[in-house]
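Just below is one structure, and these are the notes that go with it.
Since the structure is predicted, the reported quantities are computational estimates derived from the model, not experimental observations.
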Amino acid sequence: MSEVLVLGGGMVGTATALALQARGCDVVLVERGLPGRETSYGNAGIIQSEAAEPYAMPRSLAALWRIALGRDNGVRWELAGLPGQAGALWRYFRASAPARHAAASRVYAGLVVRSTEDHAPLVEAAGAGNLIRRGGYLAVAREAAAFEAAARDAERMARAYGLRMRLLEGAALRAAEPGLTGALAGAVQWQGAWSCADPGGLVAAYAALFERRGGRIVRSDATELARAGAGWRLGEVEAAHCVVALGPWSATFLQRFGIRVPMVLKRGYHRHFAGGANLGAPVVDEATGTVVSPMRDGLRVLTGAEIARPGAPKRSQQITRSEAAIRSLLDLGQPVEAEPWMGTRPCLPGMLPMAGPAPGVPGLWLHFGHGHQGFTLGPTTAALLGEEITTGRAPVPALSPAAIL
């Protein structure tokens with residue numbers, strides 16, 4: 001009998017399998033496809049050790065009005081997608097109040113600032129150093145007023161959390177990224193962040209490391225999970241514990257156990273372009289909620305968030321606007337794929353990920369809800385969950401499902 005089943009082969013699930021394996025557990029990782037080919041594949045590839053404050057919902061009437069009218073490309077919405085998520089969105093709005101957001105940030109910062117430290121030994125052991133850049137990324141501003149505001153906020157963040165950053169304008173910005181030829185007032189360079197040329201490839205490398213260390217990966221559907229006495233069975237595999245790390249699919253999966261998870265499902269799009277300018281690091285265009293990141297497959301243009309009902313067809317407006325925004329800053333070249341990729345981020349209203357025992361279901365553990373930062377935080381929260389499963393001590397009680405649900 002295996003000690004632990006881990007359901008989900010994204011960054012969070014794969015990191016969980018590695019963390020438990022390192023603590024001496026016999027682990028089986030379950031994935032219906034190939035590790036790293038779902039949500040973990042589609043992100044910007046930034047390990048954001050500077051993202052000490054989670055994304056809050058805008059609360060000003062002006063910002064909400066812009067979103068409602070479709071004028072904010074960073075957040076788009078579909079009317080049919082709102083009723084099913086209304087309760088979670090209301091909780092998200094309340095959690096974004098200044099005092100509550102500050103409390104969440106104190107916990108979040110303690111996780112994020114150690115993210116590169118937690119990735120580092122895995123990158124080395126997996127032989128994946130060729131995928132990692134350690135030069136940070138640029139958050140660019142188009143207007144002088146926007147740059148001044150970004151600079152003030154960046155300096156506040158740097159003081160509060162001990163982050164490394166510098167302000168670039170004029171010649172310094174052009175020297176950092178000669179490919180940026182559009183009109184820009186300046187940029188904040190977050191120096192401590194890392195970026196990855198193939199996020200899905202990094203997860204696959206971690207999964208291969210797990211196998212080399214004696215772990216098993218089983219291709220199966222998580223819905224086949226069943227009770228086996230006091231433990232769990234999936235196909236021919238039995239285990240004493242089971243970790244649910246299914247990202248945006250976790251809430252639906254857990255309904256069978258009577259567990260109701262309020263989740264805000266934020267869809268995002270990306271598309272690759274080749275034949276244009278080169279970038280040495282990711283660039284975030286705050287004005288349009290767009291990221292352009294250099295990848296193996298070309299420059300990956302990524303959108304902000306879209307609130308839509310599960311299963312809704314792709315919509316082209318957001319990625320089209322994001323492409324146009326980046327073309328105004330650099331020579332983007334031509335699209336690589338005929339259609340953009342789309343995936344969903346698993347966001348919990350309180351903005352903290354969940355890592356701990358499922359309430360009322362012995363032997364079941366929950367590890368999801370990282371929102372925009374699953375790629376960043378996977379190894380960090382996996383280490384915390386591994387400690388709790390093997391010692392019974394919860395290192396960060398605020399991540400407990402009992403506290404969050």
Side-chain angles (χ1 to χ4, degrees), residues 44 46 48 50-77 96 98 101 135-160 163-193 195 268-270 273 276-294 299-306 317-332 372:
I46 308 176
Q48 286 192 251
E50 94 300 337
E53 296 177 351
Y55 291 105
M57 178 185 284
R59 289 175 60 88
S60 74
L61 290 177
L64 292 172
W65 188 243
R66 279 180 54 81
I67 293 170
L69 295 179
R71 294 175 181 171
D72 186 338
N73 194 56
V75 182
R76 305 282 294 177
W77 58 281
S96 298
H101 183 254
Y137 74 92
L138 296 176
V140 301
R142 295 168 181 262
E143 307 293 337
F147 179 49
E148 291 171 4
R152 287 193 299 271
D153 195 52
E155 289 167 342
R156 175 191 65 81
M157 293 272 290
R159 288 192 302 270
L163 306 176
R164 292 192 296 118
M165 52 77 68
R166 64 172 179 158
L167 303 178
L168 303 176
E169 52 186 319
L173 179 54
R174 290 190 293 273
E177 286 294 350
L180 291 174
T181 56
L184 290 169
V188 177
Q189 183 184 37
W190 291 107
Q191 297 169 295
S195 62
Y269 298 82
H270 83 228
F273 297 82
N278 293 318
L279 285 178
V283 171
V284 179
D285 179 18
E286 300 282 5
T288 62
T290 303
V291 182
V292 56
S293 192
L299 293 178
R300 178 180 288 185
V301 174
L302 305 101
T303 68
E306 180 188 58
Q317 298 96 322
Q318 197 173 29
I319 187 67
T320 298
R321 290 186 181 184
S322 289
E323 177 186 343
I326 297 303
R327 286 194 183 281
S328 71
L329 299 181
L330 56 83
D331 179 6
L332 196 52
H372 298 256

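A side-chain donor-acceptor contact under 3.5 Å links Arg66 to the backbone of Arg71. Between the side chain of Ser328 and the main chain of Ile326, no donor-acceptor pair closer than 3.5 Å is present. No donor-acceptor distance shorter than 3.5 angstrom exists from the side chain of Glu50 to the backbone of Gly192, with no hydrogens or angles considered. In terms of modelled atom types and a separation under 3.5 Å, the side chain of Thr303 and the main chain of Gln318 share no donor-acceptor contact. Side-chain N or O atoms of His372 include none that pairs as donor or acceptor with a backbone N or O of Gly304 at under 3.5 Å.
Note: Tyr269 OH to Glu323 CD = 14.5 Å, rounded to the nearest 0.5 Å. Expressed to the nearest 0.5 Å, how far CD1 of Ile319 lies from NE2 of His270 amounts to 8.5 Å. How far CG of Leu279 is from CG of Leu329: 10.0 Å, rounded to the nearest 0.5 Å. Note that CD of Glu177 and OH of Tyr137 are 14.0 Å apart. Values are rounded to the nearest 0.5 Å. The line from CE of Met57 to CZ of Arg59 is 9.5 Å long, rounded to the nearest 0.5 Å. To the nearest 0.5 angstrom, Arg156 atom CZ is 10.0 Å from Leu163 atom CG.
Taking both residues in full, the closest heavy atoms of Pro294 and Gly280 are given as CG-C, 4.4 Å, listed atom of the first, atom of the second, then distance. Among all heavy-atom pairs drawn from Ala141 and Ala146, the shortest one is CB-C, 4.0 Å. The two residues Ala175 and Pro178 have their closest heavy-atom pair at O-CD, 3.9 Å. Shortest non-hydrogen contact noted between Asn73 and Gln317 is OD1-O, 4.4 Å. Residues His101 and Ala56 approach most closely at CD2-CB, 3.7 Å, considering heavy atoms. The two residues Leu64 and Pro58 make their nearest non-hydrogen contact at CD2-O, 3.3 Å.
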Show the numbers, then the answer: is there a side chain to side chain contact (heavy atoms under 4.5 Å, CB included) between Leu299 and Leu330?
CA-CA 11 Å; Leu299 293 178; Leu330 56 83; 4.1 Å; yes

Full working for side chain to side chain contact (heavy atoms under 4.5 Å, CB included) between Gln189 and Met165
CA-CA 5 Å; Gln189 183 184 37; Met165 52 77 68; over 6 Å; no

Is there a side chain to side chain contact (heavy atoms under 4.5 Å, CB included) between Val284 and Leu138 once you walk through the steps?
CA-CA 6 Å; Val284 179; Leu138 296 176; over 6 Å; no

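Between Arg142 and Glu286, the closest side-chain pair of non-hydrogen atoms is not below 4.5 Å. Within the 4.5 Å cutoff, side-chain heavy atoms of Val188 are placed close to those of Leu167. The side-chain heavy atoms of Leu302 and Thr290, taken from C-beta on, include no pair separated by under 4.5 Å.
Summarising the local packing, CG of Leu69 is surrounded by more than 12 heavy atoms from other residues, nucleotides or ligands at distances under 6.0 Å. Within a 6.0 Å sphere centred on CD of Glu169, heavy atoms belonging to other residues, nucleotides or ligands number 12 at most.
Paired with Leu184 under the rule side chain to side chain contact (heavy atoms under 4.5 Å, CB included), one option of Val283, Leu173, Asp285 passes, and it is Leu173.
Looking at residues two or more places apart in sequence or on another chain, you find no ring pair (Phe, Tyr, Trp, His ring centres under 6.0 Å) involving Phe147.
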